[in-house]
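Working notes, structure below.
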Amino acid sequence: MINKEVKTVFIDLHTHTTASDGVLSPTELLDLARANGTKMLAITDHDTVAGYLSVKSCCSDIRLISGVEISTTWEGTGIHMVGLNFDPEKTAIKQLLSAQATARRQRAEIILQKLQKVGFSITIDELHEYAQTAHIGRPHIARLMVEKGYVNSIDKAFKKYLGTGKMGDVKSGWATLTEATQAIRQSDGIAVIAHPNHYKMTRTKLLKMLDDFIEAGGQGLEVISGKQHPDITTKFAHIANDKGLYASLGSDFHRHFPYAANVGLLPTLPDFVTPVWTTF
Ligand code: AMP
Ligand code: MN
Ligand code: MN
Ligand code: MN
């Protein structure tokens, strides 16, 4: 937990904006990052670099690193991968993100059809109008369900309809873990497994996933993701070291929330890991 005795690092390599499912625009996110004293920041929107590109040459006080969070699948499980410090103009990443955008659009339509069957009427046009981005995520659907009075909270929308194992949990269409890793590598970036503590996997399965990831060219593990218990940090720091992976860290900021991490205000990584920014 972040407390007074823990040193803050002022580096944040996992954040979201209105280009995907965050609620702050890229400019507003930068303002908050600056107010928090952030020195290095990656905007890692879901499957798009539009937010990053819109503020790319923004500032001299914050070092902005190119970033993206890619939804992938590995052996039937959804795994999120953060790509850092790549060249967004490379064909490999452009093609991957274009395919992901199509997959996202198609998935949104499938989710809406499923919700229609249980009596929730939302059209794709309505959803796009509401979300104000082409990169629709389940949080947009959840927020609109609340807005329309179908559920009384975002949490309820996920618990009953959109979360893991529920009708709106449609995984099809994403790149494989290997494809996403290779696209980031081919675009001169570093591929990082995001929030490893979120996956409901045994340790054995997680290590096997990391082996496949490394074989495909993966190089990093998010050792700190948001506010997490120090024991979790220690666990993933050791795994990163054992596997020869660089350690990354990020708030996964989407909006102000009492129990979520704020932008740039994360504890320092354990001193025995190699931070991913040493490669930038
Ligand atoms: P998607 O990109 O459509 O697969 O949606 C995944 C996103 O939904 C995550 O990045 C989170 O921002 C959000 N999310 C996942 N689970 C929950 C939850 N239980 N409550 C609120 N938001 C969630
Ligand atoms: Mn999200
Ligand atoms: Mn994620
Ligand atoms: Mn994220």
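Whatever order the structure lists ligands and atoms in, that order sets their numbers, starting from 1.
- When distances to the Mn ion (ligand 4) are checked against a cut-off of 2.8 Å, His14 contributes an N, O or S atom below that limit.
- Taking the ring centroids of His46 and His80, they lie under the 6.0 Å cut-off.
- The closest approach of His46 to the Mn ion (ligand 2), by N/O/S atoms, is made by NE2.
- For atom 6 (C) of ligand 1, the closest non-hydrogen atom of the protein is Arg138 NH2, 3.7 Å.
- Looking only at heavy atoms of the protein, atom 13 (C) of ligand 1 is closest to Pro139 CG, 3.6 Å.
- Aromatic pair Phe257/His254: centroids not less than 6.0 angstrom apart.
- For the residue pair Asp252/Ser225, the side-chain donor-acceptor check at 3.5 Å is not satisfied.
- Each of the following atoms of ligand 1 lies closer than 4.0 Å to a heavy atom of His46: 10 (O).
- The distance from the Mn ion (ligand 2) to the nearest N/O/S atom of Asp21 is under 2.8 Å.
- Per-residue contacts place Gly137 under 4.0 angstrom from the following atoms of ligand 1 (heavy atoms of the residue considered): 3 (O).
- Taking 2.8 Å as the threshold, His16 does not count as a candidate ligand of the Mn ion (ligand 2), since none of its N, O or S atoms lies below it.
- Between the CZ atom in Phe120 and the CD1 atom in Ile111 there is a gap of 14.0 Å [rounded to 0.5 Å].
- Looking at Asp47, its side chain does come within 3.5 Å of a backbone N or O of Ser71 through a donor-acceptor pair.
- Across the listed options His135, Arg255, His254, Arg104, His254 owns the non-hydrogen atom lying nearest to atom 11 (C) of ligand 1.
- Near Asp21, meaning under 4.0 Å from any of its heavy atoms, are these atoms of ligand 1: 7 (C), 10 (O), 12 (O).
- Closest to atom 1 (P) of ligand 1 among all protein heavy atoms lies Arg107 NH2, 3.4 Å.
- For the residue pair His16/Glu69, the side-chain donor-acceptor check at 3.5 Å is satisfied.
- At the shortest separation from atom 23 (C) of ligand 1 among protein heavy atoms lies Phe158 CZ, 3.4 Å.
- Centroid-to-centroid, the aromatic rings of His238 and Phe272 come within less than 6.0 Å.
- When only modelled atom types and interatomic distance are considered, Ser66 and Asn85 share no side-chain donor-acceptor pair under 3.5 Å.
- Side chain of Thr38 to backbone of Leu41: no donor-acceptor contact under 3.5 angstrom is found.
- Within Asp252, the N, O or S atom at minimum distance from the Mn ion (ligand 4) carries the name OD1.
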